[in-house]
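Chain identifiers are assigned alphabetically (A, B, ...) following the order of the sequence lines, protein sequences preceding nucleic acid strands; residue numbering begins at 1 within each chain.
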2 protein chains.
Amino acid sequence: MSGIEDVATLAGVSKATVSRALSGRGYVSAETRTRVSAAAATLGYVVSSSASSLVTGRTNNVGVIIPEINQWFFGSIIEGVERALLDRGYDLMLYNTSKTVEERSRVFEYFLVRKRVDAVIAVTLEITAPEAERLLSLGKPIAGIGGPLVGIPTLSIDDVEAARLATEHLLLLGHRAIVHVGGDIDEQMDFHVHSKRLRGYREAIEAAGISYDPESHVATPFDIPGGYRVGKQLLGDPRRRPTAVFAACDEVGIGVILAARELGLSVPEDLSVIGIDDHPLSEMFGLTSIGQRPDLQGEQAVDWVIRQLEEPGWTPPSKHTFVPARLVIRSSTAPPRRVG
Amino acid sequence: MSGIEDVATLAGVSKATVSRALSGRGYVSAETRTRVSAAAATLGYVVSSSASSLVTGRTNNVGVIIPEINQWFFGSIIEGVERALLDRGYDLMLYNTSKTVEERSRVFEYFLVRKRVDAVIAVTLEITAPEAERLLSLGKPIAGIGGPLVGIPTLSIDDVEAARLATEHLLLLGHRAIVHVGGDIDEQMDFHVHSKRLRGYREAIEAAGISYDPESHVATPFDIPGGYRVGKQLLGDPRRRPTAVFAACDEVGIGVILAARELGLSVPEDLSVIGIDDHPLSEMFGLTSIGQRPDLQGEQAVDWVIRQLEEPGWTPPSKHTFVPARLVIRSSTAPPRRVG
DNA sequence: TAGGATTCTGGAAGCGTTTGCACACGAGAA
DNA sequence: TTCTCGTGTGCAAACGCTTCCAGAATCCTA
């Protein structure tokens with residue numbers, strides 16, 4: 001485990017020059033630089049990040065707080081963030097927190113409190129204004145996926161718009177009896193995604209002259225079994241059965257499709273289904289969807305925080321950024337069967 | 001941003017005492033300790049981990065190298081590792097590497113080269129003996145999930161045994177025409193899981209007096225679409241159709257079930273299916289499986305490395321550890337239909 | 001009551017870097 | 001020729017902790 005001193009001796013220069021040569025800061029002649037690099041290589045030298053951090057005040061780590069790992073949306077974000085971070089020479093510290101308010105704030109305090117990261121990326125984490133201010137006042141850039149969040153640059157798809165798009169697709173096909181299978185709007189987490197998607201749905205059907213019936217919204221967990229259970233229940237009763245379902249995410253949509261099949265209904269003949277996400281499984285199920293790219297959202301968030309760190313004076317967008325979501329039409333949506 | 005000096009002044013003691021009081025090392029009177037804690041609290045003081053690391057030589061980070069995130073098995077490992085690490089006061093640095101040999105070794109070098117982690121947990125990463133030795137010689141504990149790996153403590157389920165168990169379950173039900181849908185055994189990654197599971201299958205059927213037919217093993221990617229495609233192909237031809245499928249993982253098994261349903265076959269009447277993993281979706285599909293708990297494997301790996309770090313003299317198991325896998329019987333397996 | 005053991009505290013020496021400052025040198029400008 | 005100015009290098013002072021060592025106070029034990 002050789003230190004900078006050894007390299008300096010071997011290269012016949014001072015520690016200061018070694019530091020400058022290796023970090024690329026300050027003046028070093030080309031000749032010296034190659035000599036130092038060679039010495040470092042032969043000794044297998046590598047700077048001690050603790051020593052370096054101590055003096056520079058930078059850790060080269062960025063913290064990522066995420067409520068969930070084993071779900072496509074979150075997993076993809078992590079992938080995108082990790083890739084972008086490593087490309088730029090930063091390491092990723094992962095903090096998995098549940099969505100409960102208590103744990104959220106515990107992690108938050110934990111973060112604030114430790115001098116281990118240069119920046120933080122908060123995924124689907126509602127940070128209060130004072131918390132944000134405190135973090136910002138520490139000089140740590142922060143970006144959020146989800147939002148909006150006051151004082152913090154955030155990004156996400158436009159949930160209202162995505163829901164409207166999905167619903168309009170169904171309306172355009174001629175559906176009138178459309179049920180929205182979404183989340184529980186009393187769950188205050190996730191920046192009210194649930195209520196936003198519900199709103200988009202509602203606005204779309206009302207714009208089409210259909211009055212909103214609270215019965216046409218049913219809540220379920222955001223996974224395949226969640227969609228399946230609701231599907232079974234909803235489609236089991238022929239009198240209540242809609243001609244189309246707008247699922248708030250593809251997993252739920254897939255669950256609904258599976259339930260429909262099991263009940264002997266064909267998709268899209270007896271039932272159209274649309275989701276949001278463009279999940280990798282959706283293609284297999286022919287599920288029409290509003291696609292988004294969580295990995296790119298992760299990359300974007302990384303870009304924001306790193307630029308703040310590296311480009312003095314640069315500031316990220318001051319308001320929430322909407323990333324694009326586009327309709328991917330597959331075989332799960334079609335005009336409703338004409339029932340005479 | 002207050003330092004230890006400020007706390008010392010406020011508490012009316014020396015820096016040395018503050019350090020001792022806060023870290024719990026060395027003698028400090030109870031009275032002093034509370035006074036110091038109070039001072040630290042009012043100032044919002046928190047030790048600088050770089051400064052601390054610089055003198056102690058510990059970073060309190062552990063690196064996790066993992067080839068994949070968005071897959072249940074890997075995601076669960078990360079969850080388990082993260083939980084265990086945070087419980088013990090360590091932070092998790094995540095490195096997502098693909099399975100290609102080049103990238104594997106690049107990450108490996110990267111790791112070796114940087115003094116940023118106290119230990120590493122390598123998931124499904126085949127480290128060569130010299131690499132392992134080099135890592136160990138740096139005094140960094142390392143543990144692997146997957147394996148075995150010489151010189152490194154590793155753990156995994158017994159793939160041969162799990163495959164045998166699954167196949168025997170089918171044999172016991174009376175099946176003779178059993179196809180194994182697994183991975184490509186030429187993929188050298190993952191410690192040959194593919195060939196091990198194939199071996200377990202083969203040993204089981206041969207023990208039952210059935211001769212092994214290479215046609216009865218078909219390879220496909222380890223995901224639902226992979227199983228689906230193979231299922232469609234395999235079950236489409238009634239003459240080739242087996243009475244049972246042993247899928248090398250549950251995702252594949254689910255894909256096969258979906259394919260079967262689509263072809264109008266009922267499971268388990270027309271086809272029995274068994275998988276490995278006990279994936280969260282398996283319950284919904286009634287998939288019989290050999291269950292494993294990747295999260296617990298992650299916790300175990302953490303325990304190994306942390307104990308090495310904290311209990312001088314403690315050494316992890318010198319050979320590979322098999323973790324339990326148990327048969328979970330659901331509705332996808334039954335005796336074959338009697339075809340008279 | 002002496003003397004060793006135990007508990008408590010402070011001073012100061014690092015830990016391995018980065019960087020401000022001083023200085024030396026050669027080149028171009030005045 | 002003298003003066004700047006841009007380069008290239010070294011010295012030494014931080015950076016914010018932990019821990020060794022020594023000394024003081026208290027407590028037992030003989």
(message) Please confirm whether the shortest side-chain N or O distance from B/S48 to OP1 or OP2 of D/dG16 is below 4.0 Å.
(response) no
(request) Select one nucleotide: of C/dT17, C/dC8, D/dT9, the one nearest the side-chain heavy atoms of A/V28. (result) D/dT9
(request) Indicate whether OP1 or OP2 belonging to C/dG16 is found under 4.0 Å from a side-chain N or O atom of A/S52. (result) no
(message) Please evaluate residues B/N60 and B/S49 with respect to the criterion side-chain hydrogen bond (donor to acceptor under 3.5 Å, both in side chains), reporting the C-alpha separation (whole Å), side-chain torsions for both, the decisive distance (0.1 Å), and the verdict.
(response) CA-CA 9 Å; B/N60 276 291; B/S49 64; over 6 Å; no
(request) Figure out the CG/P separation between A/L54 and D/dC17, and round it to whole Å. (result) 9 Å
(message) Output the rounded distance in Å from CG (A/L22) to C1' (C/dT19).
(response) 16 Å
(message) Is the shortest side-chain heavy-atom distance between A/T17 and A/S14 below 4.5 Å?
(response) yes
(request) Write down the atom of B/E82, the atom of A/Y95, and the distance for their closest heavy-atom approach. (result) OE2-CA, 3.4 Å
(message) Whole angstroms only, please: what is the NZ-C1' distance between B/K15 and C/dA13?
(response) 10 Å
(message) Distance criterion of 3.5 Å, no angle test: do you see the side chain of A/R33 paired donor-to-acceptor with the base of D/dG8?
(response) no
(message) Applying a 4.0 Å non-hydrogen cut-off, can you work out what B/R25 is touching in the nucleic acid: base, sugar-phosphate, or nothing?
(response) sugar-phosphate
(message) If I take atom CD in residue B/E31 and atom P in nucleotide C/dT7, what distance separates them, rounded to the nearest angstrom?
(response) 18 Å
(message) Without decimals, in angstroms, what is the distance between A/Y45 OH and C/dG16 P?
(response) 10 Å
(message) Can you see if the side chain of A/T56 gets near the phosphate of D/dC15 - specifically, an N or O under 4.0 Å from OP1 or OP2?
(response) no
(message) Looking at B/K140 and B/D118, is there a salt bridge between them, counting it only when a charged N and a carboxylate O are closer than 4.0 Å?
(response) no
(message) What's B/T32 touching, base or sugar-phosphate or nothing? Going by heavy atoms closer than 4.0 Å.
(response) sugar-phosphate
(request) Rounded to the nearest angstrom, tell me the gap between atom CZ in B/R58 and atom P in D/dT18. (result) 14 Å
(request) Would you mind telling me which residue lines up with the more 5' stretch of DNA chain D, B/S19 or A/T17, judged by nearest nucleotide? (result) A/T17
(request) Please report, rounded to the nearest Å, how far the P atom of C/dG10 is from the OH atom of B/Y27. (result) 17 Å
(message) Side chain of B/R20, heavy atoms from C-beta onward: which of C/dT17, D/dC20, D/dC17 has the nearest atom to it?
(response) D/dC20
(request) Round to the nearest Å and state the distance from A/E5 atom CD to C/dG14 atom P. (result) 14 Å
(request) State, with a plain yes or no, whether a side-chain heavy atom of A/D91 is found less than 4.5 Å away from one of A/L86. (result) yes
